[in-house]
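The structure appears below as structure tokens.
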Amino acid sequence: MPELPEVEVVRRGLERWVAHRTVADVEVLHPRAVRRHTAGPDDFAHRLTGHRIGTPSRRGKYLWLPLEDTDQSVLAHLGMSGQLLVQPYSAPDEKHLRVRVRFADIPPAPDPAAEGTELRFVDQRTFGGLSLHDNTPDGLPDVIAHIARDPLDPLFDDDAFHQALRRKRTTVKRALLDQSLISGVGNIYADEALWRTRLHYERPTATLTRPVTTALLGHVRDVMTAALAVGGTSFDSLYVNINGESGYFDRSLDAYGREGLPCKRCGTPMRRRPWMNRSSYFCPKCQRAPRVSS
DNA sequence: CAAGGCTCCTGATAGC
DNA sequence: TGCTATCAGGAGCCTT
């Protein structure tokens, strides 16, 4: 599942292979892939055509491609299974190809290797999508203005995050997944960071001390940075992203998906609990359940 | 208004 | 063999 590190890998790939190219043609093969573009698939395709792509940006799990000489950006979210691929024109269509973007490269292209390739949005489960939006004065697509900065953003405010946690009447994993508090964290990295911090997922955020919040943020950053370093190994390929899952990092996971396997710290069998229509993985010894409040 | 739950979607896999 | 149930889960939207 693409979370912040995977999306950043995609962003870097787009920066290399797609930035500064001019859109010649857009083909929407599945209308659901552009459902957040309320004016519809034809409008989406028409508005992109003829514009040059600027430097791709990212916040949390969202990434966007600015259209030069406009105040608009193409916003992308990969959802569960979305991929942005740079493929040769001649490559056969993927089974779940949803949107194709062709470019008008005039030889010699800035990067000769970029000639003859197109951008493809492929998405099996269609939770992701593309859409076009006006930018805010900050250069952010307006529909994601409510998304918090992510933990790898230098302007992320650790103290404000801690104060927000103290005010909330919720639990720590819910807070980690709340994109209006901290963006880019999904189910996998939430479980990993909680395991590293020895925090149970149902710990009330109002009970967290400043040192614990600091430790938690440190582990979130560490695990994401490590995953990003490993995901980066795929840059040599034409594929902008890796495989739509957690890349090569899955072999480094300490908590997620390890039900019944020994905790890497204490050896106690890891547990899985149904939680919010998904799962939480944790060590019952290292991550003690909070006392039930009255 | 805050918090929590429902729903969208498809394919792999388990169980009978 | 073939059917059904379950699981994967981000985030907009709805209910409480």
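Below, read A as the first sequence line, B as the second, and so on, with proteins coming before strands; counting in each chain starts at 1.
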Phosphate oxygens OP1/OP2 of B/dT10: is one of them under 4.0 Å from a side-chain N or O of A/Thr126?
no
Can you tell whether the side chains of A/Asp254 and A/Arg258 come within less than 4.0 Å, N to carboxylate O?
no
Does A/Tyr281 have a side-chain nitrogen or oxygen under 4.0 Å from the phosphate oxygens OP1 or OP2 of C/dA8?
yes
Do the charged groups of A/Glu15 and A/Arg12 touch, with an N to O distance under 4.0 Å?
no
Where the side chain of A/Tyr62 is defined as all heavy atoms beyond and including C-beta, which of B/dC9, C/dG12, C/dA8 is the nearest nucleotide?
C/dG12
Between A/Gln124 and A/Ile147, the residue closer to the 5' end of DNA chain C by nearest nucleotide is A/Gln124
Any side-chain N or O of A/Arg36 below 4.0 angstrom from OP1/OP2 of C/dG12?
yes
Under 4.0 Å between any heavy atoms, over every strand shown, what does A/His30 touch: base, sugar-phosphate, or nothing? Just pick one.
nothing
Taking every heavy atom of A/Lys61 against every heavy atom of A/Val185, the minimum-distance pair comes out as NZ-O, 3.3 Å
Starting at atom CG of A/Leu165, determine the distance to atom P of B/dA2, rounded to an integer number of angstrom.
15 Å
For the pair made of OH in A/Tyr189 and C1' in C/dG10, what is the distance, rounded to whole Å?
15 Å
OP1 or OP2 of C/dA11 sitting under 4.0 Å from any side-chain N/O of A/Lys61?
yes
Mind listing the residues from residues 170-185 of chain A sitting with a heavy atom below 4.0 Å of DNA chain B? Number order is fine.
A/Thr170, A/Arg174
Quick one: label A/Asn277 by what it contacts on the DNA or RNA (base, sugar-phosphate, nothing), any heavy atom closer than 4.0 Å.
base
Nearest-Å distance for atom pair CZ/P, residues A/Arg59 and C/dA11
14 Å
Of A/Trp195, A/Tyr256, A/Phe282, which meets ring-ring contact (aromatic ring centres under 6.0 Å, His included) against A/Tyr201?
A/Phe282
Nearest-Å distance, NE2 (A/His133) to P (C/dG12)?
10 Å
Yes or no on salt bridge (charged side-chain N to carboxylate O under 4.0 Å, His left out) for A/Arg102 and A/Glu27, after CA distance, side-chain angles and deciding distance?
CA-CA 8 Å; A/Arg102 293 195 179 90; A/Glu27 191 181 348; 3.8 Å; yes
Please tell me if A/His96 has a side-chain N or O lying less than 4.0 Å from either OP1 or OP2 of B/dG11.
yes
Strictly below 4.0 Å: does A/Lys168 bring a side-chain N or O up to OP1 or OP2 of B/dA3?
yes
In A/Leu199, A/Leu194, A/Thr205, the residue satisfying side chain to side chain contact (heavy atoms under 4.5 Å, CB included) with A/Lys173 is A/Leu194
C/dG10 P sits how many Å from A/Met276 CE, rounded?
9 Å
Looking at C/dA8, does its base get a donor-acceptor pair with the side chain of A/Arg125 below 3.5 Å?
yes
Interatomic distance, A/Phe127 CZ vs C/dG12 P [rounded to whole Å]
13 Å
Can you tell me if A/Thr49 uses its side chain to pair, donor with acceptor, with the backbone of A/Ala45 under 3.5 Å?
yes
Rounded (10°) bend between the five-pair end axes of the helix from B/dA2-C/dT16 to B/dC16-C/dG2
60°
Can you tell me how far P of B/dC9 sits from NE2 of A/His77, to the nearest Å?
18 Å
Show, in sequence, the C-alpha distance, side-chain angles and deciding distance for A/Arg32 and A/Asp123, and conclude whether the salt bridge (charged side-chain N to carboxylate O under 4.0 Å, His left out) test is met.
CA-CA 10 Å; A/Arg32 189 173 149 81; A/Asp123 191 8; over 6 Å; no
A/Arg272 side-chain proximity, nearest of B/dG11, C/dA8, C/dG10:
C/dA8
Taking only side-chain N and O atoms of A/Arg167, does any of them lie within less than 4.0 angstrom of OP1 or OP2 on B/dA2?
no
Would you mind checking if A/Asp25 and A/Arg100 are paired as a salt bridge, meaning a charged N to carboxylate O distance below 4.0 Å?
no
A/Met80 atom CE is separated from C/dG12 atom P, nearest whole Å, by 16 Å
Does A/Arg58 reach the main-chain N or O of A/Gly60 with its side chain, forming a donor-acceptor pair under 3.5 Å?
yes
